[in-house]
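Note: hydrogens, waters and symmetry copies are ignored here, and every other heavy atom, side chains too, is used.
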Protein chains: 2
Amino acid sequence: MAKQIPDIVIGRLPVYLRALQQMKQEGRQVTSSQELGERLGISAAQIRKDLSQFGEFGKQGTGYNIEYLANQVREILKVNRSWDVIIVGAGDIGRALAGYNGFSERGFKIRGIFDNNASLVGSKQGEFTISDSKTMKEVIQTSGIKIAMIAVPAGHAQQVADQLVEAGIRAILSYAPVNLNVPAGVRVQNIDPSIHLQRMTYYLE
Amino acid sequence: MAKQIPDIVIGRLPVYLRALQQMKQEGRQVTSSQELGERLGISAAQIRKDLSQFGEFGKQGTGYNIEYLANQVREILKVNRSWDVIIVGAGDIGRALAGYNGFSERGFKIRGIFDNNASLVGSKQGEFTISDSKTMKEVIQTSGIKIAMIAVPAGHAQQVADQLVEAGIRAILSYAPVNLNVPAGVRVQNIDPSIHLQRMTYYLE
DNA sequence: CGTTTATTGTGCAACTAAACACAATAGGGG
DNA sequence: CCCCTATTGTGTTTAGTTGCACAATAAACG
């Protein structure tokens, strides 16, 4: 088996990719580890070493072709294709996620939004109709969906996560401000604005 | 000067605090590094070592008093008081943030929401009235606000960040999917759902 | 009041990550 | 075609982080 890549390296690749996509949109053709590093506040050596884990993508003296490198990183991250995603919870956050058009160009397609509140089920939310949570499992399994975003109140999140995992979900992005416990093999990422803010207050004043 | 605490340790403290607050709400009085670690998927030794950077908060044989430890962590993170925060951008995300009641019990108070779209200015958003971005600087300076959340389109985020920093903001939580460049002494945290999702797809399939 | 159990705080060892520094070399200019 | 400049990929070194293991000790129990 190939050498195990550190997760911290994987975590930086999406940031590199976002910067490359932006450079491309600016009409740029090539860049260097140094320029990329300056934009991102990361050392050039680290960028080179991260990329070298996966192959040789640059040219000495010249740097990296932006489009080529972006495609290589997409391939590494497996976002050179489109992943189906569902949203659970049609409150403010769920609806904001459903209305966000940034997913498609980054490798994701929203396939549905679910809620267990009967008064919301059936109503339109942008291009989506809110579905009953009871139908979630069937949708996940018939479409083979592997990724879900949880946007339900903290008190329901663990129960929702359990249902999702049981239905076959393998990656969860949770907006609920609680720690989720999931079996090995299921990945979880958390977004909790208070946590992010508290991480900065230590340094203030 | 006291020993420099690693940022990675600071980053775990809010997670510990959230778990402690939850335990308290469950009516619990004491816990141990082991129990906390199991809940959070972190080794007990790491939790003990992290906390030991700041003092001795536990009792051998017994563990930690939950309320006491939570208060100590709040003090370390400087969230044993309330920080004023403003929101810039009154789109879906800005409005969801304005309507979220989770901030107050975690040390933050939303002081205003700003947008430069004249057709939004003046309209009510929950308990807040959307203000014109032109008035932002004055509000920041007269109230001495240090923290802002950016929820504007990617193309405007850098410019908004520049204005905020110039007005005196020292910590920014950005929901815009771009890298912000800020001077030393200003902290930035980014929330970009695509980045979080792309960090997981590597491990799928 | 001694024994047992649980659990902390920490020195040290092991591991992981970042930075340094340089040989190799692509491409441009004369 | 040779020299110069820019820049990669990587071996080595340095720095940072985590885990191990245990002495110290608090509390419970008989």
Side-chain angles (χ1 to χ4, degrees), chain A residues 1-16 19-20 23 28-73 76 184 199 202-203, chain B residues 1-16 19-20 23 28-73 76 184 199 202-203:
Chain A
M1 182 182 135
K3 179 169 57 343
Q4 174 74 19
I5 310 287
D7 181 63
I8 195 161
V9 173
I10 302 302
R12 282 189 292 260
L13 294 182
V15 180
Y16 300 165
L20 290 166
M23 283 177 177
R28 308 279 314 285
Q29 304 274 315
V30 295
T31 186
S32 65
S33 60
Q34 180 164 49
E35 187 193 32
L36 207 43
E38 274 163 17
R39 274 209 196 200
L40 299 176
I42 292 177
S43 84
Q46 179 156 82
I47 291 173
R48 292 203 301 278
K49 188 147 268 183
D50 284 352
L51 295 174
S52 77
Q53 304 262 3
F54 303 96
E56 309 197 352
F57 306 120
K59 262 191 197 160
Q60 284 160 332
T62 310
Y64 301 92
N65 177 288
I66 290 172
E67 179 147 27
Y68 174 72
L69 181 58
N71 281 329
Q72 294 296 306
V73 176
I76 294 164
R199 204 185 163 141
Y202 174 80
Y203 298 98
Chain B
M1 183 181 134
K3 181 166 57 345
Q4 175 74 18
I5 310 287
D7 181 63
I8 195 161
V9 173
I10 301 301
R12 283 189 292 260
L13 294 182
V15 180
Y16 300 165
L20 290 166
M23 283 176 177
R28 309 280 313 284
Q29 304 274 315
V30 295
T31 186
S32 65
S33 59
Q34 181 164 49
E35 186 194 31
L36 208 42
E38 274 163 16
R39 272 209 197 200
L40 298 176
I42 292 178
S43 85
Q46 179 156 82
I47 291 172
R48 293 203 300 278
K49 188 149 271 184
D50 284 352
L51 295 175
S52 75
Q53 305 261 2
F54 303 96
E56 308 197 353
F57 305 121
K59 263 191 197 159
Q60 283 161 333
T62 311
Y64 301 92
N65 176 288
I66 290 171
E67 179 149 25
Y68 174 73
L69 182 57
N71 282 329
Q72 294 296 306
V73 176
I76 294 164
R199 201 182 165 141
Y202 174 80
Y203 298 98

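Side-chain atoms of Q60(B) come within donor-acceptor range of the base of dT8(C), with a qualifying N/O pair under 3.5 Å. Between the side chain of K59(B) and the base of dG9(C), no donor-acceptor pair under 3.5 Å is found. With hydrogens and angles left out, the side chain of K49(B) and the base of dG19(D) share a donor-acceptor pair within 3.5 Å.
Within the 4.5 Å cutoff, the side chain of Y202(B) has no heavy atoms near those of the V9(A) side chain. The shortest distance between side-chain heavy atoms of D7(A) and Y203(B) falls below 4.5 Å.
The side chain of S52(A) lies closest to dG9(D), out of dT17(D), dG9(D), dT7(C). Nearest nucleotide to the side chain of S43(B), out of dA21(C), dA19(C), dG19(D): dG19(D). Comparing dA17(C), dC20(D), dT8(D) against the side chain of A45(B) picks out dC20(D) as the nearest. Closest to the E56(B) side chain, of the nucleotides dT8(D), dA26(C), dG9(C), is dG9(C). Picking from dA19(C), dG9(D), dT7(C) the nucleotide with the shortest atom distance to the side chain of Q34(B) gives dT7(C). With dA21(D), dT7(C), dA27(D) as the choices, the nucleotide that has an atom nearest any side-chain atom of T62(B) turns out to be dA27(D).
Backbone-only contact: I8(B) has heavy atoms under 4.0 Å from sugar-phosphate atoms and none from a base.
A straight line from CD1 of I47(A) to P of dT7(D) spans 13 Å, rounded to a whole angstrom. Distance Q46(A) CD to dT12(D) C1': 17 Å, rounded to the nearest Å.
Side-chain N/O atoms of R48(B) include none lying less than 4.0 angstrom from OP1 or OP2 on dG9(C). In this model, the phosphate group of dG9(D) is approached by a side-chain N or O of Y64(A) to a distance below 4.0 Å at OP1 or OP2.
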task = Please lay out, stage by stage, how I76(A) and I5(A) fare under the test side chain to side chain contact (heavy atoms under 4.5 Å, CB included).
result = CA-CA 11 Å; I76(A) 294 164; I5(A) 310 287; over 6 Å; no

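Nearest heavy atoms, L36(A) versus T31(A): N-OG1, 4.1 Å.
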